[in-house]
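In the text below, chain A, chain B and the rest are named by the order of the sequence lines, each starting its count at 1.
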Protein chains: 2
Amino acid sequence: MATDYRRQHPVCLPLGCWPIELGSVSLRYAAYGADYARRALGRVKRYVDVILAARYSTWIKPVSRAKPPGNNRPTSSSDSVVLAHQTSADGPRAVRLKDIAVLAGVSPITVSRALSRPDIVAEATVARVRAVVERLGYVPNRHAGSLASNRSQLVAAVVPTIANAIFSDTLLAFTSALDARGYQVMFGLSGFDGDSEARLLENVLGRRPDGILLTGARHTARTRMRLAAAGIPIVETWDTSEEPLDMTVGFSHRDVGHALGQHLLDCGCRRPALILGDNDRAAARGRGFKEACAERGYTSVPEKVLASPTTTRQGREALRELLAESPDIDAVSCSSDLLALGAIIEAGQRGIDVPGDLSVAGFGDLDFASQLEPALTTVRIDGQGIGRLAALNLLERIEKHVASGNGAPKQVDVGFELVARASTRPRPHKPENRR
Amino acid sequence: MATDYRRQHPVCLPLGCWPIELGSVSLRYAAYGADYARRALGRVKRYVDVILAARYSTWIKPVSRAKPPGNNRPTSSSDSVVLAHQTSADGPRAVRLKDIAVLAGVSPITVSRALSRPDIVAEATVARVRAVVERLGYVPNRHAGSLASNRSQLVAAVVPTIANAIFSDTLLAFTSALDARGYQVMFGLSGFDGDSEARLLENVLGRRPDGILLTGARHTARTRMRLAAAGIPIVETWDTSEEPLDMTVGFSHRDVGHALGQHLLDCGCRRPALILGDNDRAAARGRGFKEACAERGYTSVPEKVLASPTTTRQGREALRELLAESPDIDAVSCSSDLLALGAIIEAGQRGIDVPGDLSVAGFGDLDFASQLEPALTTVRIDGQGIGRLAALNLLERIEKHVASGNGAPKQVDVGFELVARASTRPRPHKPENRR
DNA sequence: CTGTTAGCGCATTCAT
DNA sequence: ATGAATGCGCTAACAG
């Protein structure tokens with residue numbers, strides 16, 4: 001039963017603490033000072049709730065130090081429930097490592113080890129510590145841990161947006177892989193402008209991540225310096241780069257565009273056009289596309305560039321405009337599947353047969369691409385693979401960094417897959433499933 | 001020009017530091033000890049790079065303390081460049097507040113204030129500090145700050161997934177609003193199972209966020225206790241709840257379903273069906289839908305439940321199965337626009353006219369909904385508004401928390417908007433744009 | 001296997 | 001307007 005203990009009591013319970021059965025309270029208050037004992041007992045009588053070392057640890061310490069000859073460890077799980085509810089005016093206080101130590105009858109460092117490296121601690125000790133942790137709901141303060149160890153177990157992922165469905169696979173895989181190794185991922189949304197990216201980075205670096213994942217291309221000189229100065233492994237994804245900061249896991253957008261251009265021309269198209277989002281990667285694909293066209297003598301490629309993130313509506317409008325300006329186009333390659341969907345819808349509305357009169361290609365192989373009628377030709381990227389590889393490479397560097405210094409720059413090309421479907425069938429074939 | 005300084009030097013530069021022009025070096029090495037001076041000067045000659053108090057602050061301190069009668073502050077911006085590149089074996093070290101203080105000729109606390117509350121520090125001092133900070137690229141260590149102040153300036157957002165385009169508006173607005181007030185947002189992906197949510201929460205709470213945003217319904221008793229025990233403001237979004245943890249910003253999914261049911265019946269449908277994702281919110285909408293049907297005497301509603309996150313492919317398949325089992329259905333309400341897209345495509349393939357023979361409704365009003373042919377009837381949620389309101393309410397609590405204790409539970413209902421489009425036109429009208 | 005000692009880098013409190 | 005002293009909660013290094 002989920003009870004909201006917060007409402008039952010006049011003050012919040014300390015971080016990670018909740019009421020438990022009291023059992024036999026062995027409150028040797030004489031050892032703690034009369035004042036404390038009075039307050040503690042008062043609380044106990046009133047709330048019968050968990051008792052917490054909290055602010056009183058200074059009083060407890062001497063007891064633990066005194067080590068009476070007999071046994072100052074809890075004799076049963078119930079009598080270790082010893083202390084007092086927080087009463088100070090400045091709000092509740094969290095359970096600390098030290099509190100666990102006192103209740104488990106060991107030193108703080110042993111608790112630390114029992115939790116982070118149980119293999120080097122005696123089994124019985126670990127069990128005892130775990131029991132107390134569980135009972136008090138202790139959650140270690142990672143700020144303190146990071147500060148002391150100089151390792152944050154935190155990896156930052158700076159992405160332009162999370163709205164892009166195409167990135168989310170990557171981020172999920174990245175997160176999972178790191179999670180499995182005990183790292184947390186902290187997302188930073190840089191938006192599409194480089195200005196806020198600088199501020200974001202400042203914030204992110206303040207949290208001293210052990211590594212950084214970047215998505216989204218061009219960084220200012222200042223940003224690059226800051227990153228280099230941070231001295232932590234960096235992996236850039238979703239692109240190969242001519243001047244990588246550290247590692248990259250991605251593919252050549254130029255090659256994708258080139259392959260799309262060739263494919264459309266192979267399908268018999270003679271007047272291909274482009275609909276592109278206004279980001280670097282889409283532009284690179286556009287460049288590759290035009291190169292492929294130029295190689296076969298088609299030097300003029302009508303083109304529409306739209307504000308990112310691109311939408312289906314933009315796709316419809318762009319095709320409309322393209323047709324108005326260049327009525328003879330017979331193929332259009334879009335920088336996202338959403339744009340392509342818009343183009344297909346617009347074509348349908350105008351009675352333009354796809355692919356009979358107009359071939360349409362997208363990018364991303366989103367869920368719906370294969371389900372459309374006609375099914376959409378697109379480019380599939382192993383977004384999950386990118387995320388996984390980025391995580392693994394980062395981890396390798398992070399762990400190595402502990403021992404040695406830097407590694408050699410590493411570039412991973414995951415390639416891409418052009419998925420030819422009905423929306424760009426070779427011209428000779430007439431589609432069967434026209435409606 | 002973006003130079004990768006990391007590769008120019010055998011060791012990484014310290015966090016936030018990069019080479020700068022040296023100017024006139026006033027290295028009074030006599031004060032620092034011969035050994036240090038020898039090394040420092042050796043480095044300076046070899047790299048001509050930035051000079052860093054770093055590990056040597058203990059040596060510097062006495063100088064700063066001595067306060068020679070003249071002026072121990074930098075006389076110009078160039079001669080304050082004083083120290084040595086990091087040479088210790090245990091790797092580079094970050095610039096600290098103390099380093100800035102030494103170079104700016106003030107105490108650490110003054111630097112702290114100059115950066116966080118410049119209004120209470122003399123203008124000239126702030127300027128001097130800022131200059132040094134800028135030059136050394138100092139980035140404050142937030143772990144230390146959080147530990148000392150017991151405020152992390154961090155808000156956690158725990159969501160099932162970021163793939164869902166429908167959440168991303170909320171998250172973006174949430175992030176923006178908090179960013180504007182100096183808070184960082186930390187995302188946690190809970191997935192769709194409650195098991196990993198528990199572990200995630202443990203990790204998240206370890207970072208001591210000042211507040212938490214939750215999306216995605218049912219929490220285990222354990223989770224609820226942990227959250228209550230954390231004693232920080234919590235806002236649950238995208239739903240109203242019967243047993244809220246703290247605050248909620250959302251709407252009634254039951255009411256959405258009810259409105260959809262009424263709408264379809266109003267359109268003249270007499271045999272409505274459901275296609276739902278297998279999450280609580282979709283289920284609640286389904287319940288409302290069936291209630292609306294029951295109110296008018298339609299007690300049997302064919303239904304397909306699919307694994308979340310739902311896809312267009314699932315929508316196609318689900319409609320196929322529904323038609324096989326209940327060939328007489330004349331309306332289908334889907335728990336997402338993607339499912340609805342699939343249903344529309346499948347209907348098109350089978351020659352079933354939408355809305356003539358089958359009305360289709362979705363949920364979310366995704367980008368493409370209005371662009372489809374026929375345009376999709378759906379439900380629009382102000383996702384951005386949810387994010388903004390969640391942030392504002394959280395902020396209010398966070399700031400208030402500093403002064404007083406808890407606030408009263410707060411429930412905000414942002415409502416919803418049923419957007420009736422061509423896919424559910426009233427039966428009498430025959431659609432004009434059939435293909 | 002466990003304990004002792006000594007900080008990590010910063011902000012709070014109380015001085016001046 | 002600025003500074004000194006103190007400690008946040010934890011872990012590293014070294015003892016035993």
Chemist: Does a side-chain N or O of A:S112 approach OP1 or OP2 of D:dC10 to a distance below 4.0 Å, or not?
Modeler: no
Chemist: For A:R207 and A:S152, work out which heavy atoms get closest and say how close.
Modeler: O-CB, 3.9 Å
Chemist: So if I take every side-chain heavy atom of A:A122 and compare against C:dC10, C:dT2, D:dA12, which nucleotide ends up nearest?
Modeler: C:dT2
Chemist: Would you say a side-chain N or O of B:Y138 is under 4.0 Å from OP1 or OP2 of C:dG9?
Modeler: no
Chemist: Measure across A:A144 and B:L147 and return the closest heavy-atom pair with its distance rounded to 0.1 Å.
Modeler: CB-CD1, 3.8 Å
Chemist: Nearest whole angstrom, please: distance from the P of C:dC10 to the CZ of B:R113.
Modeler: 15 Å
Chemist: Using the closest heavy atom to pick a nucleotide of DNA chain D for each, name whichever of B:T110 or A:V111 lands nearer the 5' end.
Modeler: B:T110
Chemist: Roughly, in whole Å, what's the span from CG in A:L115 to P in D:dG9?
Modeler: 16 Å
Chemist: Choosing from D:dA1, D:dT11, C:dT2, which nucleotide comes nearest the side chain of A:V121?
Modeler: C:dT2
Chemist: By nearest heavy atom, map B:I109 and B:H143 onto DNA chain C; which one lands nearer the 5' end?
Modeler: B:H143
Chemist: Could you tell me which non-hydrogen atom of B:N141 sits nearest to which non-hydrogen atom of B:H143, and how far apart they are?
Modeler: OD1-N, 2.8 Å
Chemist: May I have the distance from B:K98 (atom NZ) to C:dC8 (atom P), rounded to whole angstrom?
Modeler: 6 Å
Chemist: Quick one: on DNA chain D, does B:S107 or A:R142 contact a more 5' nucleotide (nearest heavy atom)?
Modeler: B:S107
Chemist: From CG of B:L97 over to C1' of C:dC8, roughly how many Å is that when rounded to an integer?
Modeler: 14 Å
Chemist: Need one value for A:T125: base, sugar-phosphate or nothing, where a base atom within 4.0 Å counts as base even if backbone is also close, heavy atoms only.
Modeler: sugar-phosphate
Chemist: To the side chain of B:V106, which of C:dC10, D:dG3, C:dT12 is closest?
Modeler: D:dG3
Chemist: With a 4.5 Å heavy-atom cut-off, do A:L178 and A:R181 have their side chains touching?
Modeler: no
Chemist: Starting at CZ of A:R151 and ending at P of C:dG9, how long is that distance when rounded to a whole Å?
Modeler: 16 Å
Chemist: Does any donor-acceptor pair link the side chain of B:R208 with the base of D:dG9 at a separation under 3.5 Å?
Modeler: no
Chemist: Checking all strands, does B:P108 fall into the base, sugar-phosphate, or nothing category for heavy-atom contacts under 4.0 angstrom?
Modeler: nothing
Chemist: Please find the pair of heavy atoms, one from B:V155 and one from B:Y183, that lie closest to each other, and give the distance.
Modeler: CG2-CD2, 4.1 Å
Chemist: Can you tell me the distance, in whole Å, between the CG atom of A:L147 and the P atom of D:dG9?
Modeler: 12 Å
Chemist: Can you measure A:N150 atom CG to D:dA12 atom C1' for me and round it to whole angstrom units?
Modeler: 11 Å
Chemist: Over how many whole Å does the gap from B:D119 atom CG to D:dA1 atom C1' extend?
Modeler: 12 Å
Chemist: Looking at the side chain of A:S149, which of D:dT11, C:dC10, C:dT12 is the nearest nucleotide?
Modeler: D:dT11
